[in-house]
Amino acid sequence: MRTSQYLLSTLKETPASAEVISHQLMLRAGLVRNLASGLYTWLPTGLRVLKKVENIVREEIQRAGGNEILMPMVQPADLWQESGRLDDYGPELLRLKDRHQRDFILGPTHEEVVTKLVANELNSYKQLPLTVFQIQTKFRDEIRPRFGVMRGREFLMKDAYSFHLEDECLEKTYQIMFDAYCRIFERLELNFRPVIADTGSIGGEKSHEFHVLADSGEDDIAFSDASDFAANIEKAEALAPTGERGEPTQDIEKVALKLERLIKTSELDVKTTVKTLLVVGTTEEGEPEKIVALVLRGDHQLNEVKAENLAQIASPLTFATDEQVSAIANCHSTSLGPKGLTVEVIVDRSAAHLSDFVCGANENNHSFTGVNWQRDCGEINIQDIRNVVAGDPSPCGQGTIEIKRGIEVGHIFQLGRKYAEAMKCSVLNEGGKNQTLTMGCYGIGVSRIVAAAIEQNHDKYGIKWPKAIAPFQVAIVPMNMAKSARVKETAETLYESLLQAGVEVLFDDRKERPGVMFADHELMGTPLLVIIGERNLDAQQVELKNRITGEKSLIAIDDVMALFN
RNA sequence: CGGGGUAUAGCGCAGCUUGGUAGCGCGCGCGUCUGGGGGACGUGAGGUCGCAAGUUCGAAUCUUGCUACUCCGACCA
């Protein structure tokens, strides 16, 4: 490709709307342009990268036994009614009507369609196991699109689905996919970690997320410093403190200060206090709303996913209103404490291990000191409801927890029979009886990977693409070609040879000054520049510059082609 | 959806407080010089100041309403 024919579209200045580095560089290097919130046009350079990522994903999923298919993006709402997700999925699901007023949705994922397909196509256990996948545009009406293509509303996703008669077989395919995912991210040269994950709205039993480590990531990942253990903080278990809880040594005493003031004004260690949160509990139909108290050590944070997963607590997690708080405790939420509450009290393991602790007194601006669970608070339910923090013992039993930020680029699930049952997806088994299938599903955010790769590979000059996904392998940068017939001829000849050899080459044939060309190619992250100038032509040499290492070297013109064999 | 911010040329911004000829830098066109790191000089093109209504002799500027974008929280590949 010649730059004179190419939509280069680089920007010297950073657009004000871009916050994270990958978004800034994607705009500056001319990879994408914004159309509306969360919607992006891919320009030639961006599309080249996107296609390369897509192809690596495709190759590895095919190698893992996947059959590529393509399902419609527009799906009948009936299908989602059948699986029960039409109501469950919420406003993220974009709903639309056709000219006959029939209800449709824009596909955020394809469990329904694929399960229906397989239910129709497969009759016998002999056809199992089966894995199908597609690489296709998804639409999710995100509450807050941000960070460019990192969280767009429309995005390119690889979604694979596997079908099995028995769970053991699903386990095997799950492992094959897990390995395929590792190979994909290794080929992309990304610094990634598979982590134990919550299954979220897709549902199911076992799940791993694949995270690219980057400070701009939106998830917290908990790692062990001594083993392979890694989990999304949503799912990382906080172990109960070891040893026996201390015996009460103090009498309970009321202090005329709220907890917050007490911590600020005295030597009181926040780790000897507990905080109490009131949330909405689950109720049977017709019952009045129920409130549940959650108690955590003062320095710990509530893990909302863990709380939601408890049977007593309504999902999504909802905090009690000020009115509900005063109805139950006759005080502000800042003076709540577990002693004397009439609602169910769920206490985090660490809070439950305290003795002689300090808490709110359920009376405005008053606290208790010297409180003890058994003696003062009666029946409590002990659960793991907090976020792990750096320094906690790892739940795997080895080492301590470290926390890093990650970008979720892949997620694999063992779905089990949830969708197969709802969509009546079954085959005849060896005994000639109908048997419902069990399923796995495996997603990769293809467009998000492009942004994640930039987050991990850039410097002050621009993008430093991993080799496998650079938009061009090499750029030819002639010095003052307009004035030097020799430079022009050398550049043209080399360009033709590279094209012949099937090398992805960008020939910068613009009448630009060298600085402009260098800046553009460094911004775009082309891994190798071949610089052709009068200076070296007498010796029949050209200069090579490596974008990643910054190394420059001279090489004989005749040896350039050998670099690409 | 809640809470902030912004909207003036392709991009980055000033002007608005105190109403009166729409500006700067980059980019873009043309010309000359220059030619190994976003060069210089000259000369041009490009804007119904987000939209609508109001106040006023007069609105980018004041008032009201709307819309879009964006940042912080809940959702997720």
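Chain identifiers are assigned alphabetically (A, B, ...) following the order of the sequence lines, protein sequences preceding nucleic acid strands; residue numbering begins at 1 within each chain.
A salt bridge (charged side-chain N to carboxylate O under 4.0 Å, His left out) check over residues 526-535 of chain A, counting only residues at least two apart or in different chains, returns the pairs R486(A)-E534(A). Sorted by first and then second residue, the salt bridge (charged side-chain N to carboxylate O under 4.0 Å, His left out) pairs involving residues 302-314 of chain A (not counting sequence neighbours) are K306(A)-D384(A).
Nucleotide G42(B): paired with C30(B) (Watson-Crick or G-U wobble, both distances less than 3.5 Å). With both pairing distances under 3.5 Å, C57(B) is matched to G20(B) as a Watson-Crick or G-U wobble pair.
Partners of I143(A) under the side-chain contact (heavy atoms from CB on, under 4.5 Å) rule, at least two apart in sequence or in another chain, do not exist in this structure. Here A307(A) pairs with L294(A), L302(A), I313(A), L317(A) under the side-chain contact (heavy atoms from CB on, under 4.5 Å) rule; sequence neighbours left out. For I176(A), the side-chain contact (heavy atoms from CB on, under 4.5 Å) partners at least two apart in sequence or on another chain are A64(A). For E543(A), the salt bridge (Lys or Arg N to Asp or Glu O under 4.0 Å) test picks out no residue, with sequence neighbours left out. For Q301(A), there are no side-chain hydrogen bond (donor to acceptor under 3.5 Å, both in side chains) partners at least two apart in sequence or on another chain. Scored by the side-chain hydrogen bond (donor to acceptor under 3.5 Å, both in side chains) test, E59(A) finds R187(A) as partners (sequence neighbours excluded).
A22(B) and C49(B) have their C1' atoms separated by 8 Å, given to the nearest Å. Of the P atoms belonging to U70(B) and C13(B), the separation is 15 Å, rounded to the nearest Å. If you take atom C1' in G19(B) and the same atom in A59(B), they sit 6 Å apart, rounded to whole Å.
Within the nucleic acid shown, G152(A) comes within 4.0 Å of at least one base atom, counting heavy atoms only. In this structure, D219(A) reaches the bases: a heavy-atom distance under 4.0 Å links it to at least one base atom across the strands shown. Contact annotation for L11(A): no contact, since no heavy-atom pair falls under 4.0 Å across all strands.
Residues M481(A) and V487(A) come closest through the heavy atom pair CA-CG1, 4.2 Å.
Between U70(B) and S37(A), a contact under 4.0 Å exists linking OP1 or OP2 to a side-chain N or O. In this structure, R146(A) does not reach the U70(B) phosphate: none of its side-chain N or O atoms is under 4.0 Å from OP1 or OP2.
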Between the protein and nucleotides 22-28 of chain B, which nitrogen or oxygen pairs come in under 3.5 angstrom?
from: G25(B); atom 1: N2; to: E13(A); atom 2: OE1; distance (Å): 2.7

So which protein N/O to nucleotides 29-34 of chain B N/O distances come out below 3.5 Å?
from: U34(B); atom 1: O2; to: R513(A); atom 2: NH1; distance (Å): 2.4

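Using a 4.0 Å cut-off between charged side-chain N and carboxylate O, D219(A) and R405(A) make no salt bridge.
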Donor-acceptor pairs under 3.5 angstrom involving side-chain atoms of residues 3-19 of chain A: please list them, not counting sequence neighbours.
from: T3(A); atom 1: OG1; to: F507(A); atom 2: O; distance (Å): 3.4
from: T3(A); atom 1: OG1; to: D508(A); atom 2: OD1; distance (Å): 3.0
from: T3(A); atom 1: OG1; to: D509(A); atom 2: N; distance (Å): 3.0
from: T3(A); atom 1: OG1; to: D509(A); atom 2: OD1; distance (Å): 3.0
from: S4(A); atom 1: OG; to: D509(A); atom 2: OD1; distance (Å): 3.2
from: S4(A); atom 1: OG; to: D509(A); atom 2: OD2; distance (Å): 2.7
from: Y6(A); atom 1: OH; to: T45(A); atom 2: N; distance (Å): 3.1
from: Y6(A); atom 1: OH; to: T45(A); atom 2: OG1; distance (Å): 2.8
from: T10(A); atom 1: OG1; to: D520(A); atom 2: OD1; distance (Å): 2.8

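Stacking here means ring centres nearer than 5.5 Å and ring planes tilted less than 30 degrees, and by that measure F518(A) does not stack onto G38(B).
Non-hydrogen atoms lying under 4.0 Å from RNA chain B are contributed by G533(A), R535(A), N536(A), E543(A), K545(A), all within residues 532-552 of chain A.
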